[in-house]
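Right, I'll just put the structure down here and ask away after.
Just so you know, these numbers use all the heavy atoms, side chains as well, and skip hydrogens, waters and symmetry mates.
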Amino acid sequence: MPLFWPEKKNIAQVDFDKLPRHIAMIMDGNGRWAKKRGLPRTAGHAAGAETFRTIATYCKEIGLEYLTVYAFSTENWRRSAEEVSAIMDLLKRYLLEAIGKMERDRVKMEFFGDLSPLAPELRELCRRTREISKGYDGCQVNICLNYGGRDELVRAAKAFAQDCVEGRADPNHLSQERFGGYLFSRGVPDPDLIIRPSGELRLSNFLLWQCAYAEFYFTDVLWPDFSKEELHRAIAAYQGRSRRFGGV
Ligand code: IPE
Ligand code: IPE
Ligand code: MG
């Protein structure tokens, strides 16, 4: 149990002893948040990055085991070069900061997605954060970067086929569990709760394999306005549901 818990007494509806193990979030709505204020979309991304800092820190404090966030999809390259580069710069800044406080926080950082098309400097920062934090036992934060669920599945299928061709695997012995070992998320339990802010009711290619039995929480709040209170609402909604996994 964390020792410092200022808000706890005000939140009757969340049972902090029964948190989901793994929460995944689609950080959406930055552009609309900026537009509402007459600001450029990039200002929305900067505000969204702030929200990510707050929420990730809070998840660590309440003792969440796994947090996965959708930061940039395989489809987001369709945006203007200016917007893409602003998002990449924010990521760089965040990772540099994270490296500075990792040892204290003991947050383990992973990346889901194909990092090869990223600028060398950003790729190197991803490699370093992953390397430094790999033995840490705190909250594991997975950043989905150039991630797409379909891309992940095709890559897994290719890697498995290659292993078969080279005699390391046998199609007759492929199980769901083994297949999971070919995904970016290998070793990470499936998300229990997937949160999508911004009012959109879709997955947008997020965790297509892993979402099989996830609970969903949708809210109209735009990501830059997403708060601890909103997270409490999502967790409380999750805790009020009955998960049957096909049973009765
Ligand atoms: C999410 O916010 C950030 C990324 C997809 C990188 P958007 O930029 O999609 O915000 P909206 O959906 O246009 O409001
Ligand atoms: C999903 O949001 C991707 C991220 C939040 C990184 P999008 O804004 O790209 O999704 P669509 O286009 O509304 O489906
Ligand atoms: Mg969007």
| query | More than 12 heavy atoms of other residues, nucleotides or ligands under 6.0 Å from CZ of Arg244: is that the case? | reply | no

| field | NZ/NE/NH1/NH2 to OD/OE distance under 4.0 Å, Arg106 and Asp137 | value | yes

| said: Show the nearest heavy-atom pair for residues Leu115 and Phe111, with the distance to one decimal. | reply: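 Taking every non-hydrogen atom into account, CD1-CB, 4.0 Å.
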
| task | Check step by step if side-chain contact (heavy atoms from CB on, under 4.5 Å) holds for Gln140 and Lys60. | result | CA-CA 9 Å; Gln140 175 167 337; Lys60 174 182 69 76; over 6 Å; no

| task | Test His232 against Tyr58 for ring-ring contact (aromatic ring centres under 6.0 Å, His included), laying out the working first. | result | CA-CA 11 Å; His232 296 153; Tyr58 187 60; 5.5 Å; yes

| field | Arg79: partners by side chain to side chain donor-acceptor pair (under 3.5 Å), with sequence neighbours left out | value | Glu83

| request: Tell me yes or no: between the side chains of Asn30 and His45, is some donor less than 3.5 Å from an acceptor? | output: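 Judged by distance alone, the side chains do pair up.
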
| query | If only atom types and distance count, is the side chain of Ser227 paired as donor or acceptor with the main-chain N or O of Glu230 below 3.5 Å? | reply |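 Pair found, side chain donor or acceptor close to backbone of Glu230.
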
| query | Considering residues at least two apart in sequence or located in another chain, which fulfil the side chain to side chain contact (heavy atoms under 4.5 Å, CB included) criterion with Asp28? | reply | Ile26, Arg32, Arg196, Ser198, Glu200

| note | Exactly one of Arg130, Arg186, Lys134 clears salt bridge (charged side-chain N to carboxylate O under 4.0 Å, His left out) with Glu110, and that residue is Arg130

| message | Please say yes or no: joined through hydrophobic side-chain contacts below 4.5 Å, possibly via intermediate residues, are Tyr147 and Leu118 part of one cluster? | response | no

| message | Ring centres under 6.0 Å, that's the criterion: do Phe52 and Tyr94 meet it? | response | yes

| Do you know which two heavy atoms are closest between Leu90 and Ala49, and how far apart they sit? | CD2-CB, 4.3 Å

| task | Apply the test side-chain contact (heavy atoms from CB on, under 4.5 Å) to residues Phe216 and Leu203: give CA-CA distance (whole Å), side-chain angles for both, the deciding distance (0.1 Å), then the verdict. | result | CA-CA 10 Å; Phe216 290 88; Leu203 271 176; 3.6 Å; yes

| Going through the checks in order, is the salt bridge (charged side-chain N to carboxylate O under 4.0 Å, His left out) test met by Asp151 and Arg155? | CA-CA 6 Å; Asp151 179 63; Arg155 276 166 197 284; 2.8 Å; yes

| query | Stepwise, does the side-chain contact (heavy atoms from CB on, under 4.5 Å) test hold for Met102 with Met109? | reply | CA-CA 9 Å; Met102 251 176 174; Met109 207 107 110; 3.8 Å; yes

| query | If you take all heavy atoms of Cys211 and Ile194, which pair is closest and at what distance? | reply | CB-CD1, 3.7 Å

| request: Search all heavy atoms of Val84 against all heavy atoms of Asn76 and return the closest pair with its distance. | output: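 For Val84 versus Asn76, the nearest heavy atoms are CG2-O, 3.8 Å.
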
| query | Are the charged groups of Arg53 and Glu97 less than 4.0 angstrom apart, N to O? | reply |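 Between Glu97 and Arg53 there is a salt bridge, with a charged N closer than 4.0 Å to a carboxylate O.
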
| query | Can you check side-chain contact (heavy atoms from CB on, under 4.5 Å) on Tyr217 and Arg233, steps first, answer last? | reply | CA-CA 9 Å; Tyr217 181 84; Arg233 270 180 220 121; 3.5 Å; yes

| task | Apply the test side chain to side chain donor-acceptor pair (under 3.5 Å) to residues Glu215 and Gln239: give CA-CA distance (whole Å), side-chain angles for both, the deciding distance (0.1 Å), then the verdict. | result | CA-CA 10 Å; Glu215 296 294 329; Gln239 289 177 336; over 6 Å; no

| note | Scanning both residues in full, the closest heavy-atom pair of Ala156 with Phe179 reads CB-CZ, 3.7 Å

| task | Would you please say whether a donor-acceptor pair under 3.5 Å links the side chains of Tyr182 and Asp163? | result | yes

| message | Test your reading of the model: is there a side-chain donor-acceptor pair from Asn205 to the backbone of Gly149, 3.5 Å cut-off? | response |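 Checking the backbone N and O of Gly149 against the side chain of Asn205, a donor-acceptor pair under 3.5 Å is found.
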
| query | Are the side chain of Tyr213 and the backbone N or O of Pro191 linked by a donor-acceptor pair below 3.5 Å? | reply | no

| Does the side chain of Leu207 reach to within under 4.5 Å of the side chain of Asp190, using non-hydrogen atoms? |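 Side chain of Leu207 against side chain of Asp190, heavy atoms only: no contact under 4.5 Å found.
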
| said: Please determine whether salt bridge (charged side-chain N to carboxylate O under 4.0 Å, His left out) holds for the pair Arg128 and Glu131, giving the CA-CA distance in whole Å, both sets of side-chain angles, and the decisive distance to 0.1 Å. | reply: CA-CA 5 Å; Arg128 269 175 62 202; Glu131 182 62 29; over 6 Å; no

| field | Electrostatic pair Glu75-Arg78, nearest N-O below 4.0 angstrom | value |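 Result for this pair is no, no salt bridge flagged.
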
| Under 4.5 Å between any side-chain heavy atoms of Phe160 and Arg178, yes or no? |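 No. Closest side-chain heavy atoms not under 4.5 Å.
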
